[in-house]
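Counting convention: from 1, in listed order, for ligands and their atoms alike. Worth saying up front: this structure is predicted, and the values here are computed from it rather than measured.
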Amino acid sequence: MTKKIVKIFKNTQLLAQEAAEIFVKLSIQAIKQRGIFTVVLSGGNTPRVLFETLASSLFSSRVEWPKVHFFWGDERLVPPNDPNSNYNLAKETLLAPLHIPEENIFRILGEKVGSEAAANYRSVLKQYFKSNEFPCFDLVYLGLGIDGHTASLFPDTKAIQETNLAVVENYIPKLDSFRVTLTFPVFNNARNVVFLVSGSEKAKVVASVLEEKDSLEKLPSQLIKPVEGTLTWMLDSTAAQYVKV
Ligand code: 6PG
């Protein structure tokens with residue numbers, strides 16, 4: 001049974017600082033043990049403050065960046081320089097400011113059609129991890145949508161049923177668009193998973209995900225249960241306002 005750790009912060013700056021401290025701590029641990037730190041970045045808007053915090057003078061000197069390899073949990077099917085691209089947000093706020101070398105960046109090719117981008121990322125992961133098994137990332141950041149989705153695992157969509165492939169394209173009817181996403185087996189194979197959630201608009205869904213009976217179809221985020229890894233929910237006080245602590 002995955003033990004859920006829930007941490008609540010007065011504001012998003014404090015949440016981001018603690019999320020950055022976790023990044024530093026886990027990077028030191030991973031690099032010591034395996035020489036490399038593999039991290040999966042989340043998309044949407046929430047991670048911006050984390051990326052800016054990591055790139056700030058407070059944290060940038062505390063990480064061995066040449067040994068950090070960046071991946072994504074999902075991507076929109078847009079070009080890499082599109083304002084809606086999850087890669088673009090990370091590039092602008094973290095990767096470029098820290099001069100992360102291209103060879104350490106493993107982005108999902110949003111400029112391709114979904115099936116091609118998913119197939120490409122599956123082969124990138126297979127080559128990188130030199131295994132046909134599900135990849136085991138050191139740290140995965142995830143966000144939470146108001147409908148209970150995480151990454152691009154949206155309620156009542158095909159990808160939430162995927163148990164064989166590590167990466168799939170997923171059609172999201174409410175957005176009338178395709179996305180590419182890692183699947184539950186990958187997220188649940190990670191060493192550490194951290195949800196970053198802020199804003200009062202998320203308060204109801206946070207309480208439902210943390211306290212209601214599991215429902216894969218309705219609240220896919222509930223099915224993020226790392227088999228051996230840690231699961232930490234990091235909430236700002238507005239997102240946590242209905243959580244029974
Ligand atoms: C995406 C994300 C998605 C996101 C949530 C929260 O590509 O949009 O992967 O799962 O994390 O929708 O988004 P916000 O941080 O913008 O609220």
Student: With no hydrogens and no angle check, do the side chains of Thr157 and Asn170 hold a donor and an acceptor under 3.5 Å apart?
Tutor: yes

Student: Tell me, yes or no, whether the heavy-atom count around Ile146 atom CD1, taken from other residues, nucleotides or ligands under 6.0 Å, exceeds 12.
Tutor: no

Student: What about Asn45: any of its N or O atoms under 3.5 Å from an N or O on ligand 1?
Tutor: yes

Student: Assign the ring pair Trp65 / Phe23 to parallel, tilted or perpendicular, where the plane angle (0 to 90°) is split at 30° and 60°.
Tutor: tilted

Student: Return a yes/no value for Ser152: is any of its N or O atoms, backbone included, closer than 3.5 angstrom to an N or O of ligand 1?
Tutor: no

Student: Can you give me the closest heavy-atom contact between Leu98 and Ser60, atom names plus distance?
Tutor: CD2-CB, 3.6 Å

Student: Which residue holds the protein heavy atom closest to atom 12 (O) of ligand 1, what is that atom called, and what is the gap in Å?
Tutor: His149 NE2, 2.7 Å

Student: What atoms of ligand 1 come within less than 4.0 Å of a heavy atom belonging to Asn86?
Tutor: 1 (C), 7 (O)

Student: Considering only protein heavy atoms, which is closest to atom 8 (O) of ligand 1, and at what distance to one decimal place?
Tutor: Arg76 NH2, 2.7 Å

Student: So among Val180, Asn86, Leu41, which one has a side chain to side chain contact (heavy atoms under 4.5 Å, CB included) with Asp74?
Tutor: Asn86

Student: Report yes if some heavy atom in the side chain of Gln222 is under 4.5 Å from a heavy atom in the side chain of Ser215; otherwise report no.
Tutor: yes

Student: Parallel, tilted or perpendicular for Trp233 and Phe195, by the 30°/60° rule?
Tutor: parallel

Student: With respect to atom 10 (O) of ligand 1, which of Gly143, Ala151, Ser198 exhibits the smallest heavy-atom separation?
Tutor: Ala151

Student: Nearest to atom 9 (O) of ligand 1, what protein heavy atom do you find, and at what distance?
Tutor: Asp74 OD1, 2.7 Å

Student: What residue and atom, counting heavy atoms only, is the protein's closest point to atom 13 (O) of ligand 1, and at what distance?
Tutor: Gly44 CA, 3.9 Å

Student: For atom 4 (C) of ligand 1, find the nearest protein heavy atom and state the residue, atom name and distance (0.1 Å precision).
Tutor: Gly43 O, 3.9 Å

Student: Heavy-atom contact under 4.0 Å between Glu201 and ligand 1?
Tutor: no

Student: For atom 17 (O) of ligand 1, what is the nearest protein heavy atom, given as residue, atom name and distance?
Tutor: Lys202 NZ, 2.6 Å

Student: Do Ser42 and ligand 1 have an N or O pair less than 3.5 Å apart?
Tutor: no

Student: Check each of Leu144, Thr46, Leu142 against atom 6 (C) of ligand 1 and report the one with the nearest heavy atom.
Tutor: Leu144

Student: Hey, quick one: are Val124 and Phe134 part of the same hydrophobic cluster, counting side-chain heavy atoms closer than 4.5 Å, chains of contacts allowed?
Tutor: yes

Student: So is Glu75 in contact with ligand 1, going by heavy-atom distances below 4.0 Å?
Tutor: no

Student: Is it the case that Asn81 and Tyr87 place a side-chain donor and acceptor less than 3.5 Å from each other?
Tutor: no

